[in-house]
Amino acid sequence: AFSWNIVLRGISESHYPSEAFLLYKEMLIFVNFSGVSLRPDNYTFPLLLKTCAKLLLCELGHQILGHAFKMNYDRDIFVHNALIHFLVSCGELEDARKVFEESCVRDLVSWNSLINGYAKSGRAMEALRIYEEMKMEEVDPDEITMIGVVTACTQLEDLKLGREFHQDIRCRAMNMSIPLANALLDMYVKCGDLEEAKELFERMEEKTMVTWTTMVVGYAKLGHLNVARKLFNAMPEKDVFPWNAMISAYVQAQHGKEALSLFHEMQAMKVEPDEVTMVSCLSACSQLGALDVGIWIHRYIEKHNLSLNVVLGTALVDMYAKCGNIGKAFQVFREIPCRN
RNA sequence: UCUUCCGUCA
């Protein structure tokens, strides 16, 4: 099982994680030279559950869980923690909580899975409450715990509490990982404390695209478009996220022209636009009455088979309507699945 | 070889 798990892990981190399930099936029917069949072990199931969580395959996850329990891995801590994470990802928070509470095996990772799960699902207050419980039970938080509670502060726009956590992190001399620094940065930005964000940003010796994008968004949101743009230009590398951030910043500031010119620049740099890019650019077209670009985007969407969901559909309808082509607007409107 | 973390949209 050891070598199978290694391959399984590789596949899970690849571009085609769903292949992992095929390998798992093979694993179940595999019989080795001596005629001994292979058993998935307690490392196999967490891997599979994680992949289910990532792909939101709730049904399949429950099936795999059934296998794990049948093979008596129902008391394995890694399986439990993976299960908590899986349930949280499927939005089954109550069940995740139940598994956690009824679990006879519980460690820091279990707490982290639950806290971060609640925080990511937008239930900040509950995340913080669980954190309090954790401290009552005298479990020491680590930097991953802190990411969860800082994220909760971001949602609540609770700058005061966020600062307290930042202080805690410093006092306990916790490892300031990049994700944690990014989470703090995001907290300061969303709470409107750009000064603190800037200081932290400048002190970070290692920065990722997330770090830069967080700052770009921060300046843009407060209307400092030129500062945002300078940061954007200074970025050592850019994937679709920063491009989207900058484009949408221009759109929100009613600077449709700059938005579309960035859109062109982005393509020149060979960055693949996605659905978010399209929505922003369509808004820009609406602002400018740029029907030609709008039609071009519409074709692009069709050519690349980007799914016409409500958001994208609405943006298209809006673009056609505002650019004066009501007939086309109606036509697209009728094509939108599950309208609201 | 196992579990937990960050940024963009009408």
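Residue numbering restarts at 1 for every chain, and letters A, B, ... go by the order of the sequence lines.
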(message) From the set B/C9, B/G7, B/U8, return the single nucleotide nearest to any side-chain atom of A/P242.
(response) B/G7

(message) Does this structure show an ion pair linking A/D193 with A/R163, if we count only N-O contacts that are shorter than 4.0 Å?
(response) yes

(request) Report yes or no: is the ring centroid of A/F241 under 5.5 Å from the six-membered base ring centroid of B/G7, with the two planes under 30 degrees? (result) yes

(message) Can you tell me if A/K190 touches the phosphate of B/U8, counting only side-chain N or O atoms and a distance under 4.0 Å to OP1 or OP2?
(response) yes

(request) With the side chain of A/V217 defined as its heavy atoms from C-beta on, choose the nearest nucleotide among B/U4, B/G7, B/C9. (result) B/G7

(request) Output the single nucleotide from B/C6, B/C9, B/U1 whose closest atom is nearest the side chain of A/N5. (result) B/U1

(message) Of the listed nucleotides (B/U1, B/C6, B/C9), which one gets closest to any side-chain atom of A/I6?
(response) B/U1

(request) Taking only Lys NZ, Arg NE, NH1 and NH2, and the carboxylate oxygens of Asp or Glu, determine whether A/R229 and A/E265 approach each other closer than 4.0 Å. (result) yes

(request) Tell me which nucleotide among B/C5, B/C9, B/U4 gets nearest to the side chain of A/I144. (result) B/U4

(request) Tell me yes or no: between the side chains of A/H67 and A/Y24, is some donor less than 3.5 Å from an acceptor? (result) yes

(message) Let's test your reading of the model: under 3.5 Å, does the base of B/U4 pair with the side chain of A/N112 as donor and acceptor?
(response) yes

(request) May I ask you to say whether A/E133 pairs ionically with A/R106, meaning some side-chain N is under 4.0 Å from a carboxylate O? (result) no

(request) Please determine, for the side chain of A/V279, which listed nucleotide (B/U1, B/G7, B/C9) has the closest atom? (result) B/C9

(message) Nearest to the side chain of A/V311, heavy atoms from C-beta on, is which of B/C5, B/C9, B/G7?
(response) B/C9

(message) Using only modelled atom types and a 3.5 angstrom limit, is any donor from either the side chain of A/T214 or the base of B/G7 paired with an acceptor on the other?
(response) no

(request) State which of B/C5, B/A10, B/G7 makes the closest approach to the side chain of A/D239. (result) B/G7

(message) Over all strands shown, is A/D318 touching base, sugar-phosphate only, or nothing at heavy-atom distances under 4.0 angstrom?
(response) nothing

(request) Check every atom of B/A10, B/U1, B/G7 against the side chain of A/T314 and return the nucleotide holding the closest atom. (result) B/A10

(message) I need the minimum non-hydrogen distance between A/P273 and A/M266, along with the two atoms involved.
(response) CA-CE, 3.5 Å

(message) Categorize A/P179 for me: base, sugar-phosphate, or nothing, with a 4.0 angstrom heavy-atom threshold over every strand shown.
(response) base

(message) Mind checking if A/Q252 touches a base, just sugar-phosphate, or nothing, with heavy atoms under 4.0 Å?
(response) sugar-phosphate

